[in-house]
Each structure stands twice: as structure tokens, then as C-alpha cells.
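Structure first, then comments.
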Amino acid sequence: MTTNIAAKKRTSADWHALANSQAIDGRAVIDGRRVGASSGATFDNLSAVDGRSLGPVARCDGADVALAVKAARAAFDDGRWAAQAPAQRKRVMQKFADLLEQNRDELALLETLDVGKPIRYSLAVDVRGAANCLRWYAEAIDKIYDEIAPTPANTLALITREAVGVVGAIVPWNYPMLMASWKIAPALAAGNSVILKPSEKSPLTALRLADLALAAGIPPGVFNVVPGYGQEAGSALALHMDVDCIAFTGSTRVGRQILQYAGQSNLKRVWNELGGKSANIVCADCPDLDAAVRSAVGSIFFNQGQSCNAPSRLFVEAPIEREFIERALALLPAFAPGDPLDPQSTMGAIVDANQFANVMRYIESGKKEGAQLLAGGIQLRPESGGHFIAPTIFGGVDSGMTIAREEIFGPVLSVLAFNEVEAAVRAANASSYGLQAAVWTADLRKAHQTARALRAGTVHVNQYDEDDITVPFGGYKQSGNGRDKSLHAFDKYTELKTTWIKLG
Ligand code: NAD
């Protein structure tokens, strides 16, 4: 694998040449070493860009997970990481973030090959966001203080936070590096040992993250990566008796299973970040209709619609519905799917054939159930070997339709008209999900009241795009529990200890 590729503006031909020259190492990282699965099994990792094989990846199972947990436990118990001075751990994690930036092009390329997202976003969003996340939690390490309780003078009560121990992180394929960094950065910063199980669809950047962590000085055994299938490596991690916590991001269906695994094993802490069906409510008094249209379209089609927080339900007040749709349709040419390795492309490929088939099934169900297909709904670029779907908009959608209720996780926008904002809020909240929501209005009172009434972990007012490592990210209801990002993420990876001391 070529590392330290000099950052420069590359053309599509450059990226393809670089892709063809990559020698990819798909072995696991356990106890500081690259190793194959102990069974010798591998699975074939297919590129989302053109369907070609990227090479074999270790198919880890319970035996490999057991080795990784043993290494992680030994590393935690002997304090090789947790007992280092906070300022030293900070320096190591800052170096880890530096190494991500120094290997920016290689990491972005692997991300695009694995999941099909446009290279421009792999560079600007995924690698940059992951490095920023590592650096932010590194900075926090020597700036967080514990507490002393206001107890009587003859006693002292210390309230301290301690690392939970061995953390299993199981992540999805839509933002492989970002989702991994949202878990590993606070978990490592708090002094834990971590075992990361990336999605079988996107294992490559996770493995490179582990190499870079070692190069930065994170001791062997502290950060392990076990690629493999959910039913094999993932379940073994979540069922393991010596794993203290599972930080999971993925579907609500699997999140439910992870809670059951915890119940069947050692009652490990489970933090779930799950699916969404976010509602975007645009009132007729929206202060900037163009901005609302750009944001609605840009947010649903970003990452080919494969974002947990994509605003897939667009509620538009009836008097502006027609104009809104016309302006949205006029923007679609800017979202034409193209070669993910072309720096000009703003939309790329769906991750694989299965996900492509899922999305196409939802498009068919929208048509069958009576929604009006206003744009898209078709496959594009079939000759490329990748799976591309034209940005799709359905009008005349009813809250009872499947496309309005279920998470599609593809480039499909459902437009629902409303007459009163209260009715839109009721329909928005009628979902089993509660990840994000938005309201667009020039009326301050309506904005506040609607934001309060929406049952979601994040509510946007007159925008949908703001995001920052400083704010928590997570959902209400079946969108999960706990929060990634911000200092609140430390709540997941630390135990709270009270120590009473008798003074007199
Ligand atoms: P998924 O649930 O199928 O898989 C997620 C991870 O779990 C993968 O690593 C997979 O291998 C593993 N897994 C699967 N079955 C398992 C099992 N039985 N035991 C243990 N692990 C198992 O989800 P996906 O298709 O990879 O990702 C898409 C989902 O992720 C969407 O629902 C999306 O909304 C959600 N997501 C949520 C957030 C958030 O922050 N809330 C962020 C990104 C994605």
C-alpha cells in the first residue's frame, strides 16, 4: 500500500491510475500485528465504483474476536495506554490525526472504492472529518476535570470518571471512517482499549486507521480491527463476556439484536445509533425559499441518500408546494450521478447490488401505492459495473405509504403537502424514528414551538446543513440512545465512580 501520497489536485485519470496501483492489505489488526483470520477464511471485497474485486479481506469469526478481546483486555489491565499521562495520550492522538491528514489521498481513495461516494467528498468530508474528530478528542484529554461533591467538612467525596475497559465498536458502511472515528476517538481518549468491527462492505479504511494508530504510538492491543460479517465477527463481539461496552451504529433491526446479545451475555453497556426517517417541514412563510429548496435537495441526495439523518420526508405547506417542486426539479441536473473517482462528480454509486435492489424495491412500492414519480426512479450508468440511481422525487405522498414510513437509505425524496403546521408536526412525530427534523419559517414563535414539539435528537431551524464535532448527534425513539460527538460522548465510554474519604 502506498502511503504518504503527496496531496495535490488529481484528475479522474490520476485517481484511476492510483486505484489500479494499490496493493490492498485486507488482514485484521490484532495485538499490534496484521494477521489473517485464524480459520484462514477470506471474503472478496468488491469496489462500489465498478464492481471489480479489491482483493481478499480476513473473514474474522469468534476465534479472532476472542484473540482481539484478550489483547485488548491485557492492554487495558496493564495500563500501557490508560495509565499514560493525559498530556502524553493527547500528543499520541494528535499525531494519529496528523497521520490521517498526511495519508489523506490514500484514505479517501479507499473510502471511495469501498462505498462509491464521490472522491471530492471522501477528501473534504470523510478524511477531514475523521482527523478533526480525533484531534478534538485528543485536545479534550487534558482539559476535563473531575468533581468534588459538597459534603460535610469531615468527609470528602470525589466523583471521578474511569474508562469502562474494553469497548467493541460496530459500524456501518455509509461513512466508514467518520462513524469509526466518532467511536474510537472518545473511547481511546478516555483510556479504553477498542475492538472495531467495520462493515463487511467497507473494511479498508478501518484497517488503515489501525496501522496509523500504531505508527502514531498507540500501544499494541489498544486498538484492534476485526473485519468480517455481522453474524460472525459482529455477534461474537456483542456476545463476548469480557467486552464492557458495545458502541453500535447501524440499522434499527441489528441494534435490537445487539441489545439482546447484551442481555444474553454480561449485560454490557449498549449504545445504539440507528436509522432515521427525518422530517423537513417548510412553511409558506419560509424566509428564503431558494435556500430551503437547495438544502432539501442537497441533504437528501448527499452520499447518494445513504445518510441516517437524510431529510427523506419533505412536508411542504400547500400554497407553496407547486413552486417548491418546480425549483427542486430544476436543481436535479447538478446531482446527476457520475464516476465516483471524477473530482467533478457530486453524486456517486450505491454501495452494492443488495442496497441497489432495496432502493429500487422502494421506488416500485412508491409507484404501486399511488405516489407520483416526478423525477428519477431509474438505474443509470449500468455499463460502469457500479450501481447508480437517478435522484428520485415522489410527489403526492401520503403518510401511510411505505416510502413515507420506512428508511429507504437511497436517493429518494418523498414530498407530502400540509395545511397546518400542527398537522405536519403530528405526522412527523408519527414515525418510530426520531433522529433529526427541521422547520422553515420566518415566524420566531412558530419556529420555537415547532422545534420543541418535534421529537428528534437534532432540530434544525431555517437550515439543514450545520454540523459540528462540538454538538451531540443521536436519536430519540428507535433511532437509538446515547450520543456520538461532543463531550457527551464520554458518558458512553466512562464509568462514574464515587469515592468517600473520612477526614475527621
Ligand atoms: P447494519 O445494521 O446492517 O450493519 C451495521 C453493522 O452491524 C455492520 O458492521 C454489520 O456487519 C454489523 N452487523 C450486522 N448484523 C450483525 C449482528 N447480528 N451482530 C452484530 N453485528 C452485526 O447497517 P448498515 O446497512 O451497515 O448501515 C445502514 C444503517 O445505519 C441505516 O439504518 C442508517 O440509518 C444507520 N446509521 C445510523 C447512524 C446514526 O448515527 N444514527 C449513522 C450512520 C448510519
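Both counts, for ligands and for their atoms, begin at 1 and track the order of listing.
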*What protein heavy atom sits nearest atom 27 (O) of ligand 1, and how far off is it?*
P172 CB, 3.2 Å

*Considering only protein heavy atoms, which is closest to atom 22 (C) of ligand 1, and at what distance to one decimal place?*
G230 CA, 3.3 Å

*For atom 40 (O) of ligand 1, the protein heavy atom that lies nearest, with its residue and separation*: F473 CE2, 3.3 Å

*With backbone taken as N, CA, C and O and side chain as the heavy atoms from C-beta onward, which portion of Y175 lies under 4.0 Å from ligand 1: side chain, backbone, both, or neither?*
neither

*Would you kindly specify which portion of V171 sits under 4.0 Å from ligand 1, judged on non-hydrogen atoms: side chain, backbone, both or neither?*
backbone

*Would you name the heavy atoms of S365 and I403 that are closest together and state the gap between them?*
OG-CG2, 3.9 Å

*asked:* Taking 4.0 angstrom as the limit and counting only heavy atoms of E200, give me the atoms of ligand 1 inside it, by number and element.
replied: 10 (C), 11 (O)

_Close-contact set for ligand 1 against C308 heavy atoms, below 4.0 Å_ = 33 (C), 34 (O), 36 (N), 37 (C), 38 (C), 39 (C), 40 (O), 41 (N), 42 (C), 43 (C), 44 (C)

*ligand 1 contact on T249 by region, counting heavy-atom pairs under 4.0 Å*: both

*Which of the numbered atoms in ligand 1 are below 4.0 angstrom from a heavy atom of F409?*
28 (C), 31 (C), 33 (C), 34 (O)

*Provide, to 0.1 Å, the distance between atom 12 (C) of ligand 1 and the closest protein heavy atom, together with that atom's residue and name.*
I170 CG2, 3.7 Å

*With under 30° as parallel and over 60° as perpendicular, where do the rings of F356 and H387 fit, or are they tilted in between?*
tilted

*Can you list the atoms of ligand 1 that are under 4.0 Å from a heavy atom of I258?*
20 (C)

*Output the list of atoms in ligand 1 that are nearer than 4.0 Å to some heavy atom of K197, sorted by atom number.*
8 (C), 9 (O), 10 (C), 11 (O)

*asked:* Please determine whether side-chain contact (heavy atoms from CB on, under 4.5 Å) holds for the pair K183 and W271, giving the CA-CA distance in whole Å, both sets of side-chain angles, and the decisive distance to 0.1 Å.
replied: CA-CA 10 Å; K183 313 284 188 214; W271 303 107; over 6 Å; no

*Assess whether side chain to side chain donor-acceptor pair (under 3.5 Å) is satisfied between Y433 and S278, documenting all intermediate values.*
CA-CA 8 Å; Y433 295 112; S278 298; over 6 Å; no

*Are the charged groups of R161 and D491 less than 4.0 angstrom apart, N to O?*
yes

_Less than 4.0 angstrom from a charged side-chain N to a carboxylate O is my criterion; do E406 and R361 meet it?_
no

_Are there over 12 heavy-atom neighbours, none belonging to R128, within less than 6.0 Å of that residue's CZ?_
no

*Minimum-distance protein heavy atom relative to atom 3 (O) of ligand 1*: S251 OG, 4.0 Å

*Might you point out which heavy atoms bring I300 and A310 nearest each other, and give the distance in Å?*
CD1-CB, 3.9 Å

*Is D484 near ligand 1, meaning one of its heavy atoms is under 4.0 Å from it?*
no

*Salt-bridge test for D244 and R73: reply yes if a basic N is under 4.0 Å from a carboxylate O, no otherwise.*
yes

*For ligand 1, which atoms have a heavy atom of V254 less than 4.0 angstrom away?*
2 (O), 13 (N), 14 (C), 15 (N), 16 (C), 17 (C), 22 (C)

*Using the ring of each side chain (for Trp, its six-membered ring), is W173 parallel, tilted or perpendicular to F409, with breaks at 30° and 60°?*
perpendicular

*Salt bridge or not for D242 and K70, using N-O below 4.0 Å?*
no

*Select the closest option to atom 35 (C) of ligand 1 among S307, G250, G275, judged by heavy-atom distance.*
G250

*Side chain, backbone, both or neither: which part of E273 comes within less than 4.0 Å of ligand 1 when only heavy atoms are counted?*
both

_Counting non-hydrogen protein atoms only, what is the nearest one to atom 32 (O) of ligand 1? Give residue, atom name and distance._
E407 OE1, 2.6 Å

*Heavy atom under 4.0 Å from ligand 1: found in M179's side chain, backbone, both, or neither?*
side chain

*Answer yes or no: are there more than 12 heavy-atom neighbours, outside R33 itself, under 6.0 Å from its atom CZ?*
no

_Check this for me, if you would: do K117 and E111 make a salt bridge, where the nitrogen-to-carboxylate-oxygen distance has to be below 4.0 angstrom?_
no

*atom 18 (N) of ligand 1: which protein heavy atom is closest, and how many Å away?*
Y261 OH, 3.0 Å

*Please work out whether any backbone atom (N, CA, C, O) or any side-chain heavy atom from C-beta onward of L274 is under 4.0 Å from ligand 1, and answer side chain, backbone, both or neither.*
backbone

*Residue, atom name and distance, where the atom is the protein heavy atom closest to atom 25 (O) of ligand 1*: W173 NE1, 2.9 Å

*Would you mind running through ligand 1 and noting each atom that sits below 4.0 Å from a heavy atom of G234?*
19 (N), 20 (C), 21 (N)

*Under 4.0 Å from any heavy atom of S235, which atoms of ligand 1 are there?*
19 (N), 20 (C)

*Over 60° means perpendicular and under 30° means parallel, so classify the ring planes of Y229 and F43, tilted if in between.*
tilted

*Under 4.0 Å from ligand 1, counting heavy atoms only, is it the side chain of K201, its backbone, both or neither?*
neither

*asked:* Is the contact between P198 and ligand 1 made by the side chain, the backbone, both, or neither, using heavy atoms and a 4.0 Å cut-off?
replied: backbone

_Does R455 have more than 12 heavy atoms from other residues, nucleotides or ligands lying within 6.0 Å of its CZ?_
no

